[in-house]
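All chains are named by letter (A, B, ...) in the order of the sequence lines, taking the proteins before the strands, and each is independently numbered beginning at 1.
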Amino acid sequence: MCGLRLLTEGIIGHGTWYDKTARGIIERERKLGRGLDLIRTEMGLGASGLPHIGSFGDAARSFAVTLALKDQGFGSELVAFSDDKDGLRKVPAGFPETTREYLGYPVTNIPDPFKCHTSFGEHMSSLLLEALDKSNIQYNFISATRAYKDGLFNDEIKTILSNAKRVGEIVKEEVGQQRYIKTLPYFPICKSCGRIYTTTAHKYLADEEKILYTCKGMEIKGQWLEGCGYTGEADYRKGEGKLSWKSEFAVRWKALDIRFEAYGKDIEDSVRINDRICREILHYEPPQHARYEMFLDKSGKKISKSAGNVLTPQVWLQYGSSRSLILLMLKRFTGTRELSVVDIPQYMNELDELEDVYFGKKTVENKKELAKLTGLFEYCWWLKPPAEPSVHIPYNLLAYLVKVAPRGKETEFTVQKLRESTRKDVELNDNLRQRIDYAINWNNDFTEIKETPIKLSTEERDALRNLVENLQQEVDEEQIQSTIFNIAKKHNIPPRRFFQILYTVLLSSPEGPKMGPYIVAMGRQNVTKTLTRVLKLN
RNA sequence: GGGCCCGUAGCUCAGCAAGGCUAGAGCGGCGGACUCUUAAUCCGUAGGUCGCGGGUUCAAUUCCCGUCGGGCCCGCCA
C-alpha cells in the first residue's frame with residue numbers, strides 16, 4: 001500500500017533527476033541560510049582543445065538544473081566559465097604543426113590558426129558556445145582571461161596567497177602532491193617568453209601585491225618544456241597570471257557565488273581539494289556537486305573519413321536535432337557512455353516516441369514512469385513543449401528514401417514517396433525539411449556508394465538495349481513499369497532478375513523502390529545514359 | 001596506490017534515482033500478409049537463472065554487503 005501511495009504522491013516537479021536535484025539544492029541552501037534570490041550553477045568549458053561532446057553534456061545538464069530551480073520558483077542562472085587563460089599543453093589533432101611553438105602560452109595569447117577569431121582560445125570556446133546557442137541553452141559567459149584582468153577574483157586570490165602554506169598542506173593531504181608546499185598555487189605569465197606553465201612562483205610580497213617567479217620550465221604530458229630562465233615579478237591584480245586549478249575553482253565559487261556545479265570524474269580530485277580550500281580558507285560552503293561519468297568514443301567502429309572518429313556537438317548536429325542531443329544528455333546521468341554517430345537515429349526516434357507519450361498517443365500505465373517520460377520530454381524542450389505534435393517519420397525510412405532518390409531531388413522525391421505510401425497527408429513544413437536534411441547529410445557521409453560491377457548475358461544485354469529504345473518514347477510511370485516487365489518476359493529473363501540488374505546498375509543495390517516512377521523521377525535521359533554506359537562496358 | 005562505471009534476449013542497449021503490474025525496445029532469427037517483382041509497411045512467433053552468493057523487506061533487476069568478469073578515471077598538469 002505504501003508503494004501505491006508513492007506512485008501517486010512521490011513525484012517531485014516533472015519527475016526527473018533535475019527536479020529532485022533542484023529540490024536538494026534548495027533545501028541545502030536553506031539550511032546554510034544563504035539567499036535564494038539567485039541560485040547560480042556553473043560549468044567549466046575548456047578552451048585548449050576541440051569541445052568534446054561531454055562538455056555539451058555538462059552544459060545541458062547544468063542548464064536543466066537551472067530550469068528546475070526556476071520551475072520551483074527561484075531565480076537561477078548558468079555561468080559558463082571558459083578556461084581560456086590555461087596554457088596550451090598539446091597540439092590538438094588536426095591543427096597545423098606550427099601550433100607547437102605556442103606550447104605553454106595562454107590560449108587567448110595564441111593567434112587563431114584558422115584566422116576567424118581573435119585567438120586560439122576564442123576559436124575553441126566559440127565552437128561549444130555555438131552548439132549551446134543552437135540548442136537554446138542560456139548562459140552567462142565569463143572568460144577567465146577577462147575575469148583575471150578585471151580583477152574579479154582579487155580578494156580571493158589575496159586570501160589564497162596569504163594562506164598558501166595551508167593550501168599546500170590540503171593538496172598534500174588529499175592527493176599527496178607536494179609541489180604546493182614549496183611553491184605558490186599561482187602561475188605567472190613569464191614577462192620574457194610569454195609562457196604560463198614554465199614559471200614557478202616562489203614568493204608572495206603581500207605589501208606590494210606581487211608575486212616573485214622564475215621561468216624554470218615544467219614537465220607537461222610527459223615532455224619537458226624548458227623555461228627561459230627569466231626571473232621577475234607579477235601583479236595578480238592586473239591578471240599577470242592565474243591560479244592553479246587546485247584553488248581556482250574554490251575562488252570562482254566564492255567570488256561568483258556558485259551553488260551547484262557538476263563535474264566529470266576525471267577532475268574528481270581537484271574538486272575535492274577545492275571543496276576543502278573553499279570551506280577552510282575562503283570560508284564559503286562549496287556548491288553542491290554531481291559527478292558524471294565520461295563519454296567514450298566507441299572503438300572499432302568505422303565512421304566517416306571526413307568526420308573522423310571524434311564525436312563533437314557539431315558532428316551530432318549535422319545528422320540529428322539539438323533536441324536529440326539534449327535527450328542523450330538528459331536521459332541518463334550515471335554510467336559511462338559509449339557513443340558514436342550511429343546512435344543518432346536512435347535518439348531521433350526516441351524523441352518522437354517521447355512526444356507520442358507526451359501527447360497521449362502512446363499509453364503508459366505506470367504513473368511514475370509516465371511522469372518521468374513526459375518530464376524528460378518537457379526538459380528536452382527546456383520546459384516549453386510544443387502545443388501540437390509533429391510529423392513522425394522513422395529516421396531510417398527517410399535515410400532510405402533519400403538514398404534511392406535521384407541526386408539533387410532528394411526532398412521532392414522523399415515527400416512524393418511518402419504521400420504515395422501510407423502518409424498521404426504529409427506536408428513539407430520546416431520540421432520535415434529539416435529531418436530530410438539530416439538524412440541527406442547522413443547518407444552523404446555514411447553510405448558508401450560503390451560501383452557494383454555486373455556481368456550480363458547476351459539475352460540480358462539485348463533486353464537492356466530494348467529498354468533503352470523504349471525509354472525514348474514511354475513517358476508514363478505505369479507504362480514504363482509494365483514495359484520493363486514485358487521486356488523481361490520477351491527476352492526470357494525472370495522479371496526478378498531483370499529488376500535486380502536495373503537496381504544494381506542504377507542504385508548499386510539489388511533492391512529498390514518501384515522502378516517506373518523512379519525512372520521518371522530520376523529523369524529518363526539520365527537513366528538511358530547510365531544504361532548505355534553499362535552496355536558499352538559489357 | 002586511490003576512486004568510479006558496467007554485467008538484463010543471438011547482438012546493441014533501455015528500465016534501477018524514489019523497490020510493487022506478465023522485465024521492454026531496436027536489430028537479427030523463424031513464419032505469414034501485401035506486391036506487374038523488389039524496398040518500405042503490417043501481423044504473428046521463438047528467445048531471459050536480470051553475472052554469482054548473501055542480507056534488508058510482505059515484495060529486490062532495482063537498496064546494502066561480498067565476489068567474479070569487462071572497462072574507465074586520477075597518481076606531483078591544468
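Partners of E226(A) according to the salt bridge (Lys or Arg N to Asp or Glu O under 4.0 Å) rule, which considers only residues two or more places apart in sequence or in another chain, do not exist here.
At a cut-off of 3.5 Å, with distance as the only test, a side-chain donor of E248(A) or Y148(A) sits close to an acceptor on the other residue. Between the side chains of D84(A) and T108(A), no donor-acceptor pair is found at a separation under 3.5 Å.
Nucleotides rA46(B) and rA40(B) have their P atoms positioned 24 Å apart, rounded to a whole Å. rA60(B) and rA23(B): their C1' atoms are spaced 13 Å apart (whole Å). A gap of 10 Å separates the P atoms of rU61(B) and rC21(B), to the nearest Å. One P atom belongs to rC13(B), the other to rG71(B), and the distance between them is 14 Å to the nearest Å.
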Tabulated below should be each protein N or O lying under 3.5 Å from an N or O of nucleotides 74-76 of chain B; please produce it.
from: rC74(B); atom 1: O2'; to: D269(A); atom 2: OD2; distance (Å): 2.6
from: rC76(B); atom 1: O2; to: Q178(A); atom 2: N; distance (Å): 2.7

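Between rA78(B) and Y180(A), a contact under 4.0 Å exists linking OP1 or OP2 to a side-chain N or O.
For K20(A), the listed nucleotide lying nearest its side chain is rA17(B); candidates were rG3(B), rA17(B), rA78(B). Distance from the side chain of E268(A) is smallest for rG3(B) among the nucleotides rG3(B), rA78(B), rC4(B).
By the 4.0 Å N-to-carboxylate-O rule, K331(A) lies close enough to E350(A) to be salt-bridged with it. Ion pairing of R252(A) with D83(A) is present here, as a side-chain N (NZ or NE/NH1/NH2) and a carboxylate O approach within less than 4.0 Å.
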* Intra- and inter-strand pairs of RNA chain B in dot-bracket (Watson-Crick or G-U wobble, both distances under 3.5 Å; | for another strand) -> (((((((..((((......[...)))).(((((.......))))).....(((((..]....))))))))))))....
* Carefully, step by step, assess Y347(A) and W316(A) under the rule side chain to side chain contact (heavy atoms under 4.5 Å, CB included). => CA-CA 11 Å; Y347(A) 285 95; W316(A) 186 288; 3.9 Å; yes
